[in-house]
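To start, the structure under review is shown below, and the notes come after it.
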Amino acid sequence: MGLEVFMAAHVHPLIPVAGPAQSIRGLAMCAILIACTLALLPFAQIHLGLLPAFFPVYQTAVLGACLLTSYLLFGHFRATRLIPLLYLAAGYFYTACVLVMQFLSFKGLSFSGEPLLGGPQSAIWLWFFWHLAPATTILLATAKSFETCSRESVSRSVVQTGGWLLACVAGTAIVVFGFAHELPVMDVDGDFSRITQSGLAPALELLLAWALAGLWRASRFRNVLHIWLAVVLVALLCDNAITMVAGSRNTLGWYAGRMGALVAFSVLAVVY
């Protein structure tokens with residue numbers, strides 16, 4: 001009886017329960033990500049040189065994965081009316097918006113070599129914001145646990161969440177573009193070691209770990225969605241860790257970190 005009560009508190013009939021095979025696949029993927037990161041850490045600072053096509057292709061792939069995942073999560077919300085799914089959909093859409101802003105703020109996309117928007121520090125701060133989004137969104141979603149809204153309140157929930165989403169996107173744009181020349185310096189000609197020295201990246205790592213612990217408390221990873229959200233967080237933890245060790249752009253660690261982020265934001269799209 002006690003086990004049945006425990007299980008009921010950590011699963012929801014509208015979210016599939018994870019079977020042994022699903023759990024093993026999620027655990028195996030986490031183990032592979034961690035093993036690859038640990039293996040590459042000693043070589044993270046090796047410079048590989050600039051690959052001109054890499055950033056546009058990578059950024060487009062991550063952007064597409066975020067938009068697709070947002071659409072699928074929103075569809076899942078409409079079918080189940082689970083509030084956490086609406087928050088997750090909004091978080092992925094926010095990430096997509098920030099990726100577009102980062103794309104426009106990156107050097108080398110214009111003939112002059114200057115960013116189309118923002119200043120020299122805009123791109124690195126936008127990197128921080130779109131890595132921050134998954135952790136904060138998952139924390140918010142797990143705080144709501146398996147809360148559902150009534151059929152009558154679906155539209156109101158969507159409008160309210162959409163309003164907060166627009167406010168967050170606008171606030172981010174104002175900070176990184178409106179105050180572009182007042183932003184603290186984190187990137188000096190491709191050397192971004194200050195994200196570690198300032199404590200910004202370590203704080204992000206702690207926040208991602210906190211979100212992972214929140215998932216564990218919410219469901220003990222007993223449902224499919226939370227297993228793959230955990231994989232997302234582990235991939236971002238690995239991305240952030242090797243990026244901190246790399247310390248500069250176009251290094252092995254920088255490229256490996258970008259691949260980790262691509263895995264992180266593609267996982268749910270593949271699972272759905």
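- Shortest non-hydrogen contact noted between A90 and L165 is O-CD1, 3.5 Å.
- In this structure, CG on L73 lies 9.5 Å from CG on L68, to the nearest 0.5 angstrom.
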Original post:
Could you go step by step and tell me if V176 and S105 meet the side-chain contact (heavy atoms from CB on, under 4.5 Å) rule?
Top reply: CA-CA 9 Å; V176 297; S105 68; over 6 Å; no

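- To the nearest 0.5 angstrom, R25 atom CZ is 12.5 Å from L27 atom CG.
- A single hydrophobic cluster is seen to contain both L48 and L51, as judged by linkage of ILVMFWY side chains at heavy-atom distances under 4.5 Å, directly or through other members.
- The shortest distance between side-chain heavy atoms of W130 and C97 does not fall below 4.5 Å.
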**OP:** For M29 and V267, run side-chain contact (heavy atoms from CB on, under 4.5 Å): C-alpha distance rounded to whole Å, both residues' side-chain angles, the deciding distance at 0.1 Å, then the answer.
**Re:** CA-CA 10 Å; M29 193 163 182; V267 163; 3.9 Å; yes

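- Here the CG atom belonging to L86 is positioned 6.5 Å from the CZ atom belonging to F74, to the nearest 0.5 angstrom.
- S122 and G119 get closest at one heavy-atom pair: OG-N, 2.9 Å.
- Here the straight-line distance linking atom CZ of R222 with atom CD of Q22 works out to 15.0 Å at 0.5 Å rounding.
- Side-chain atoms of R220 come within 3.5 Å of backbone N or O of R217 as a donor-acceptor pair.
- Using a 30° and 60° split on the angle between ring planes, H131 and W127 fall in the tilted class, from 30° to 60°.
- Looking only at side-chain heavy atoms (C-beta outward), W125 and T172 stay at 4.5 Å or farther from each other.
- F106 and L50 fall into different hydrophobic clusters, defined by Ile, Leu, Val, Met, Phe, Trp and Tyr side-chain heavy atoms under 4.5 Å apart, directly or through other members.
- Annotation: side-chain hydrogen bond (donor to acceptor under 3.5 Å, both in side chains) contacts of S193 (sequence neighbours excluded): D191.
- In F177, the CZ atom is crowded: over 12 heavy atoms of neighbouring residues, nucleotides or ligands sit closer than 6.0 Å.
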Subject >> Pair L200-F192, side-chain contact (heavy atoms from CB on, under 4.5 Å): steps then yes or no >> reply: CA-CA 11 Å; L200 193 69; F192 49 75; over 6 Å; no

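- Atom OG1 of T142 is separated from atom CG of L229 by 9.5 Å, given to the nearest 0.5 angstrom.
- Looking only at distances, no side-chain donor or acceptor of T161 sits under 3.5 Å from a matching main-chain atom of V158.
- With rounding to the nearest 0.5 angstrom, the CD1 atom of I138 is 8.5 Å from the NE2 atom of H226.
- Summarising the geometry of V169 relative to M101, their closest heavy-atom pair is O-CE, 4.1 Å, with the distance given to 0.1 Å.
- When hydrophobic clusters are built by joining Ile, Leu, Val, Met, Phe, Trp and Tyr residues whose side-chain heavy atoms come closer than 4.5 Å, directly or via intermediates, W210 is grouped together with L132.
- Closest heavy-atom contact between L215 and A230: CD1-N, 3.5 Å.
- In this structure, Y87 has no side-chain hydrogen bond (donor to acceptor under 3.5 Å, both in side chains) partners at least two apart in sequence or on a different chain.
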Pair up each side-chain donor or acceptor in residues 37-47 with any protein partner under 3.5 Å, not counting sequence neighbours, and list the distances.
from	atom 1	to	atom 2	distance (Å)
T37	OG1	L33	O	2.8
Q45	NE2	V245	O	3.0
H47	NE2	S248	OG	3.4

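- Applying the ring pair (Phe, Tyr, Trp, His ring centres under 6.0 Å) criterion to F129, with sequence neighbours excluded, gives no partner residue.
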**OP:** Evaluate the side chain to side chain donor-acceptor pair (under 3.5 Å) criterion for residues Y94 and T137: first the C-alpha distance (whole Å), next the side-chain angles of each, then the deciding distance (0.1 Å), finally the verdict.
**Re:** CA-CA 10 Å; Y94 168 84; T137 304; over 6 Å; no

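- In the hydrophobic cluster analysis, where Ile, Leu, Val, Met, Phe, Trp and Tyr join through side-chain heavy atoms closer than 4.5 angstrom, W216 is grouped together with L237.
- For D187 (side chain) and P120 (main-chain N/O), no donor-acceptor pair under 3.5 Å exists by modelled atom type.
- Shortest non-hydrogen contact noted between A135 and L207 is CB-CG, 3.8 Å.
- Around atom CZ of F179, no more than 12 heavy atoms belonging to other residues, nucleotides or ligands sit under 6.0 Å away.
- Ring-plane geometry between Y255 and F54 is classed as perpendicular, the angle between the planes exceeding 60 degrees on a 0 to 90 degree scale with a lower cut at 30.
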Which donor-acceptor pairs under 3.5 Å do side chains of residues 257-266 form with protein atoms, sequence neighbours excluded?
from	atom 1	to	atom 2	distance (Å)
R258	NH1	W254	O	3.0
R258	NH2	D239	OD1	3.0
S266	OG	L262	O	2.7

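- When the side chain to side chain contact (heavy atoms under 4.5 Å, CB included) test is applied to L67, the partners found at least two apart in sequence or on another chain are L63, F93, A96.
- With a 4.5 Å cut-off on side-chain heavy atoms, L225 and L88 count as touching.
- Looking at every heavy atom in both residues, T243 comes nearest to I195 through CG2-CD1, 4.5 Å.
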